[in-house]
**Student:** 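For reference, the structure I am asking about is given below.
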There are 2 protein chains.
Amino acid sequence: MNFKETLAEKTVHAEDVLTKYLPEEKGYQKKVIESMNYSVLAGGKRLRPILMEESFRLFGGNSAIVEPFMAALEMIHNYSLVHDDLPAMDNDEYRRGRKTTWNVYGEGMAVLAGDALLNKAFETAAEAFSMIGEAADIAARYAAVAKALQILANKAGIYGMIGGQCADICAEELPSDQVTKELLWYIHKNKTAALIEAALMIGAVLAGAPDEAVKKLEQAAENIGIAFQIQDDILDVTSSLEVLGKPVGSDEKNHKVTYVRLNGLEQSKKDVEALSEEALKILSSFDRRNEFLEDLVRALITREK
Amino acid sequence: MNFKETLAEKTVHAEDVLTKYLPEEKGYQKKVIESMNYSVLAGGKRLRPILMEESFRLFGGNSAIVEPFMAALEMIHNYSLVHDDLPAMDNDEYRRGRKTTWNVYGEGMAVLAGDALLNKAFETAAEAFSMIGEAADIAARYAAVAKALQILANKAGIYGMIGGQCADICAEELPSDQVTKELLWYIHKNKTAALIEAALMIGAVLAGAPDEAVKKLEQAAENIGIAFQIQDDILDVTSSLEVLGKPVGSDEKNHKVTYVRLNGLEQSKKDVEALSEEALKILSSFDRRNEFLEDLVRALITREK
């Protein structure tokens, strides 16, 4: 199988794992469950659970204990989209070609559905404790699941994704000359990279990787997340260049301060290259290799659309 | 010390524990942290953490491992208030005499602050894993914290509080003759009782109580939560009777289907009595007694305002 076929297969697998942990649509609370499932099953690349499972494999993991965490991370990603789309936030009526959750179920139910997904994420992740069994190293296994849960909560919260969302909202209200490179880096690191960090770190922790390796993966994931975001900004400029013959992207139209605007197109391209090189260097520095994971990272960063 | 003095002291203690786990207001994400702390520090009876600690004591618990869970449960209670108050939900501008979170920080930031509190609740609860130490029974201790976390997530989610909130929203849209006794019981059990159940169950689990005792406490807490809610409905009628000489409470004005409306005032009073008697019978059925806990439950249910 080539890379694309393998990726397609792994996407289906990640979706199956996720579906297994979604609640049944029944009972007096049926409406909120419908809203949750509507949001989560709207498609998407399932990138975060795939990255998590590949990191788990890189360190020799081969059990099902990673699965509740795969589902949990995807639920967190999706709850953040449901709340981001709300009229009180980005006011988006469509996402991936479908009506957004609030646009189908109403604003109140969309707030509740997002809350329910975030809560369900931790409920699902905590199910891993019930999969530990009676092994001789039971305490170490408990400790690994506990650490994975702490990473999940940390990277999704105010020192991770929510921190980045908050800084992003506040940055939009700032005069553009006050949006510094440092602030923009903080936003990308937390809003975009934090859940990628969680994915790679949790996979490794559950496979029993040493702390030092987990630390390295955190750095690799930061690079991947930020390079991914800069590439987004670059494409917003260069895709338009190719198509329209002039640099008029949506960021420019929205007066958005982007990495490209602050650092210039050439420097941005160089930074993407340096960041991804460093990430790939880290990923290939361990005893084992995971070629699919390396290919995936390469594909994410060098994508043309 | 009499009951009131002891309660006041324990309220201060619960507030201290909570404050210890609140994040520092600094960094690029300062605004969301300010909004979180504003919501949580708006006062309140701190009933749920107090109940949790007293249940912990009832089963001989005397360490600090209950503290992160006390703070976590109070954070969950408060995030639900922040989101309930949103214009998209109840549209409340004031709570406990202060402006609600969205009314101070804006709707988008209030959505984010609620999310951040829910996330922080699980992050905080998971800190209990780092307090386990190196005891001989380490695996059993991990299992207890894991079980407590599972109870927390379950009772706060779609099979608990969020389920009740969803059913409550949907019930408001139903013709009043379709709001059955069964539906109303479901709403009260989940919207009101579920976090009380979490409080008593988690305290017991962390103290190492047997499963059977935890099950009994769940029943006691359901009784307490529902009796508390019925008493609310009763006071909405009888307080008005005393003051105004006629039964015009806010529920009546809002055409709200209440327990009293469905079951009548006399039956409702009898039910409160029967529910609390059964709860107190359970609480006094274990090897140890906790008189303060029994007094607190009595005070909660027989309150006159």
Side-chain angles (χ1 to χ4, degrees), chain A residues 23 27-33 36 76 79-80 83 86-89 102 106-112 114-116 118-127 129-130 132 138-139 142-143 145-147 149-150 152-154 156-159 162-167 169-171 183 186-187 190, chain B residues 23 27-33 36 76 79-80 83 86-89 102 106-112 114-116 118-127 129-130 132 138-139 142-143 145-147 149-150 152-154 156-159 162-167 169-171 183 186-187 190:
Chain A
Y28 285 124
Q29 73 281 57
K30 192 177 170 187
K31 182 79 90 185
V32 71
I33 301 178
M36 292 164 77
I76 288 178
Y79 109 78
S80 79
H83 280 183
L86 284 169
M89 307 277 272
W102 71 265
E107 283 184 57
M109 199 49 77
V111 171
L112 212 53
D115 296 345
L118 175 55
N119 194 96
K120 187 75 188 165
F122 288 107
E123 193 173 359
T124 302
E127 284 195 37
F129 287 112
S130 308
I132 286 177
I138 186 168
Y142 266 116
V145 174
K147 192 175 168 194
L149 199 74
Q150 288 173 331
L152 184 68
N154 179 263
I158 51 174
Y159 304 115
I162 293 177
Q165 288 173 302
C166 171
I169 291 175
C170 293
L183 170 54
Y186 174 88
I187 293 171
N190 288 285
Chain B
Y28 286 124
Q29 74 279 56
K30 191 177 169 187
K31 183 80 89 184
V32 71
I33 301 178
M36 293 163 78
I76 289 179
Y79 109 79
S80 78
H83 280 183
L86 284 168
M89 306 278 271
W102 71 266
E107 282 184 59
M109 199 48 77
V111 171
L112 212 53
D115 296 346
L118 175 55
N119 194 96
K120 187 74 188 167
F122 288 107
E123 193 174 358
T124 302
E127 283 194 39
F129 287 113
S130 307
I132 286 176
I138 185 168
Y142 266 116
V145 174
K147 192 173 169 198
L149 200 73
Q150 288 173 331
L152 185 68
N154 179 263
I158 51 174
Y159 305 116
I162 293 176
Q165 288 172 304
C166 171
I169 291 175
C170 294
L183 171 54
Y186 174 88
I187 293 171
N190 288 285

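Letters A, B, ... are given to chains in the order of the sequence lines, protein chains preceding strands, and every chain is numbered from 1.
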**Student:** Once side-chain hydrogen bond (donor to acceptor under 3.5 Å, both in side chains) is applied, do any residues pair with B/Asn119, and if so which ones, sequence neighbours excluded?
**Tutor:**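 Partners of B/Asn119 by the side-chain hydrogen bond (donor to acceptor under 3.5 Å, both in side chains) criterion come out as none, since no residue qualifies.
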
**Student:** Examine whether an atom of A/Tyr79 lies under 4.5 Å from a heavy atom of chain B, and if so say whether it belongs to the side chain, the backbone or both; otherwise answer neither.
**Tutor:** side chain

**Student:** Counting heavy-atom pairs under 4.5 Å to chain A, which of B/Trp102, B/Phe129, B/Tyr159 comes out on top?
**Tutor:**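 Greatest number of close heavy-atom pairs with chain A: B/Phe129.
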
**Student:** State whether the side chain of A/Gln150 and the backbone N or O of B/Ala126 hold a donor-acceptor pair below 3.5 Å, judged by distance alone.
**Tutor:**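 Yes.
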
**Student:** Looking at A/Ile169, A/Leu183, A/Leu149, which one has more heavy-atom pairs under 4.5 Å with chain B than the rest?
**Tutor:**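 Heavy-atom pair counts peak at A/Leu183.
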
**Student:** Can you find a heavy atom in the side chain of A/Met89 that is under 4.5 Å from one in the side chain of B/Leu112?
**Tutor:** yes

**Student:** Where does A/Ser130 contact chain B at under 4.5 Å (heavy atoms): side chain, backbone, both or neither?
**Tutor:**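 Its backbone and side chain both get close to chain B.
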
**Student:** Kindly say whether B/Cys166 contributes a backbone atom to a donor-acceptor pair with the side chain of A/Gln29 at under 3.5 angstrom?
**Tutor:**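 Checking the backbone N and O of B/Cys166 against the side chain of A/Gln29, no donor-acceptor pair under 3.5 Å is found.
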
**Student:** More than 12 non-hydrogen atoms from neighbouring residues, nucleotides or ligands closer than 6.0 Å to NZ on B/Lys147, yes or no?
**Tutor:**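 Yes.
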
**Student:** Heavy-atom distance under 4.5 Å to chain A: side chain of B/Ala143, backbone, both or neither?
**Tutor:**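 Both parts, backbone and side chain.
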
**Student:** Mind checking whether A/Tyr28 and B/Tyr186 have parallel, tilted or perpendicular rings, split at 30° and 60°?
**Tutor:**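 Plane angle between 30° and 60°, so tilted.
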
**Student:** Do B/Glu123 and A/Phe122 have side chains that get closer than 4.5 Å, going by heavy atoms?
**Tutor:**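 A side-chain contact under 4.5 Å is absent here.
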
**Student:** Ignoring hydrogens, what is the shortest heavy-atom contact between A/Leu118 and B/Asp115? Give both atom names and the distance.
**Tutor:**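 Where A/Leu118 meets B/Asp115 most closely, the heavy atoms are CD2-O, 3.6 Å.
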
**Student:** Checking heavy atoms, do the side chain of B/Ser80, its backbone, both or neither come under 4.5 Å from chain A?
**Tutor:**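 No part of it gets close to chain A.
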
**Student:** Among B/Glu127, B/Lys30, B/Glu107, which has the most heavy-atom pairs under 4.5 Å with chain A?
**Tutor:**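 Ranked by contacts with chain A, first place is B/Glu107.
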
**Student:** Could you check which of A/Ile33, A/Ile138, A/Val111, A/Ile158 has the highest count of heavy-atom pairs closer than 4.5 Å to chain B?
**Tutor:** A/Ile158

**Student:** With only heavy atoms counted, which part of A/Lys31 is less than 4.5 Å from chain B, the side chain, the backbone, both or neither?
**Tutor:**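 Backbone plus side chain of A/Lys31, per the 4.5 Å heavy-atom cut-off to chain B.
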
